Amino acid sequence: MKKICLLCTLGVLLAAIPNFVDAQGNKESAKLTKEGAEALKNKDYDKAVDLFRKASELDRRNVKSLSAALQQRAYALTQQQQYQKAIADYNAALDVTPDDQGIFERRGYAEMMLGDYDHALADYNELIKRKPNEAHYLLYRSYIYEVKGDIANGIADCDKVLQIQHDNQEATARKQRLLQVQQAQPQPTSPGGIPNPQSSAQPPKKP
């Protein structure tokens, strides 16, 4: 009888160990999260990212805090025109919060500033797939098409914007400019035959 009771007691203790460890982990995670929030407040982005990363390893509920810290550091890097580093942070943020569509927009902007229009186009395609009637996504994509020399798709996106916002002046001006380019140039024999109107294109307002 005593042996059975001893086994029962041992079983209860063993079962309690994971909960104890989890409680300790959550306590440490909470401490790291608090320190990370303070570092973020003080704009010490490197420290904040490191603390939130450690906190998220202990408690997956902190991945959103890690993502926010990465995005804030990326934004600061964008302000400093360190676009490649900013893109790396946005990539890391997407790894932990893949459903945060705002990251695609901010990364796309950094890619445009870097002149990486192919990746920027991919990000805005993803955004438009998720929100096909978001006018400013379409406006950004029309700009990318313009600098890439894709006149037809640039005009098509301007038309979509004007269907949503009839008085959008930016879409109207871009469409008129693209129509002039289209009319002034002979029909190309290959995609490379379309002139690149990059010199006259102006990006939409920053997201």
Side-chain angles (χ1 to χ4, degrees), residues 64 67-68 70-95 97-207:
K64 289 186 177 180
S67 178
L70 285 164
Q71 290 184 65
Q72 288 199 41
R73 185 169 71 178
Y75 179 78
L77 289 166
T78 299
Q79 296 295 99
Q80 299 164 15
Q81 298 185 1
Q82 297 186 52
Y83 301 118
Q84 199 64 63
K85 289 182 178 179
I87 290 167
D89 271 351
Y90 286 132
N91 291 343
L94 267 176
D95 284 342
T97 53
D99 293 329
D100 186 343
Q101 67 182 35
I103 301 173
F104 289 99
E105 182 175 10
R106 289 182 281 275
R107 184 175 69 178
Y109 180 83
E111 289 161 345
M112 282 193 288
M113 294 300 99
L114 198 61
D116 187 356
Y117 294 107
D118 289 336
H119 282 103
L121 180 60
D123 277 338
Y124 277 92
N125 282 340
E126 178 63 28
L127 285 166
I128 291 166
K129 183 172 72 175
R130 297 182 182 206
K131 286 193 172 182
N133 295 318
E134 191 66 51
H136 78 277
Y137 293 165
L138 291 162
L139 199 57
Y140 264 98
R141 193 171 69 174
S142 73
Y143 166 75
I144 296 169
Y145 281 137
E146 180 173 5
V147 296
K148 284 173 65 66
D150 189 342
I151 308 302
N153 277 321
I155 292 171
D157 272 353
C158 289
D159 284 337
K160 290 175 186 174
V161 173
L162 292 169
Q163 287 173 7
I164 300 164
Q165 298 176 352
H166 303 293
D167 58 348
N168 189 296
Q169 295 180 357
E170 195 165 355
T172 300
R174 176 164 293 122
K175 181 179 178 180
Q176 289 175 349
R177 183 168 61 248
L178 289 173
L179 285 171
Q180 288 173 357
V181 172
Q182 189 180 60
Q183 292 167 4
Q185 298 298 326
Q187 284 292 334
T189 56
S190 67
I194 301 177
N196 188 334
Q198 184 170 355
S199 60
S200 62
Q202 295 295 322
K205 291 181 181 179
K206 192 174 182 181

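Values reported hereafter were calculated over all heavy atoms of this structure, with side chains retained and with hydrogens, waters and symmetry mates removed. From a predicted model like this one, the values you see are computed outputs, not experimental measurements.
- Listed by first and then second residue, the salt bridge (charged side-chain N to carboxylate O under 4.0 Å, His left out) pairs involving residues 77-90 are Arg73-Asp89 (not counting sequence neighbours).
- Counting only heavy atoms from C-beta outward, the side chains of Asp150 and Asn153 approach each other to under 4.5 Å.
- Here the side chains of Tyr83 and Thr78 are in contact, with some heavy-atom distance below 4.5 Å.
- Thr97 approaches Ser67 most closely through the heavy-atom pair OG1-OG, 2.7 Å.
- More than 12 heavy atoms of other residues, nucleotides or ligands sit less than 6.0 Å from atom CD of Gln80.
- You'll find the side chain of Asp100 reaches within 4.5 Å of the side chain of Arg106, heavy atoms only.
- Smallest separation of non-hydrogen atoms from Pro98 and Arg130: O-NH2, 3.7 Å.
- Looking at Leu138 and Glu134, their side chains never come closer than 4.5 Å, going by heavy atoms from C-beta outward.
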Mind running side chain to side chain contact (heavy atoms under 4.5 Å, CB included) on Tyr137 and Gln101 for me, showing each step along the way? CA-CA 12 Å; Tyr137 293 165; Gln101 67 182 35; 3.7 Å; yes

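- The shortest distance between side-chain heavy atoms of Arg141 and Glu146 does not fall below 4.5 Å.
- For the pair Asp157 and Arg174, the salt-bridge criterion is not met [side-chain N within less than 4.0 Å of a carboxylate O].
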Is there a side-chain hydrogen bond (donor to acceptor under 3.5 Å, both in side chains) between Thr172 and Gln176? Walk through the geometry before answering. CA-CA 6 Å; Thr172 300; Gln176 289 175 349; over 6 Å; no

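- In terms of heavy-atom proximity, Tyr90 sits nearest to Ile103 at O-CG2, 3.5 Å.
- Within the 3.5 Å criterion, the main-chain N or O of Leu139 finds a donor-acceptor partner in the side chain of Ser142.
- Between Tyr140 and Tyr124, the two ring planes are parallel [angle under 30°; tilted spans 30° to 60°].
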Going through the checks in order, is the side chain to side chain contact (heavy atoms under 4.5 Å, CB included) test met by Tyr143 and Glu170? CA-CA 10 Å; Tyr143 166 75; Glu170 195 165 355; over 6 Å; no

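- The shortest non-hydrogen separation linking Ala110 to Ile87 is CB-CG1, 3.8 Å.
- Residues Lys175 and Val161 are not in side-chain contact: their nearest non-hydrogen atoms beyond the backbone lie 4.5 Å or more apart.
- For the pair Ala171 and Asn168, the tightest heavy-atom approach, listed with the atom from each and the gap, is N-OD1, 2.9 Å.
- Remark: Asp123 pairs with Phe104, Arg107, Glu111 by the side chain to side chain contact (heavy atoms under 4.5 Å, CB included) rule, at least two apart or across chains.
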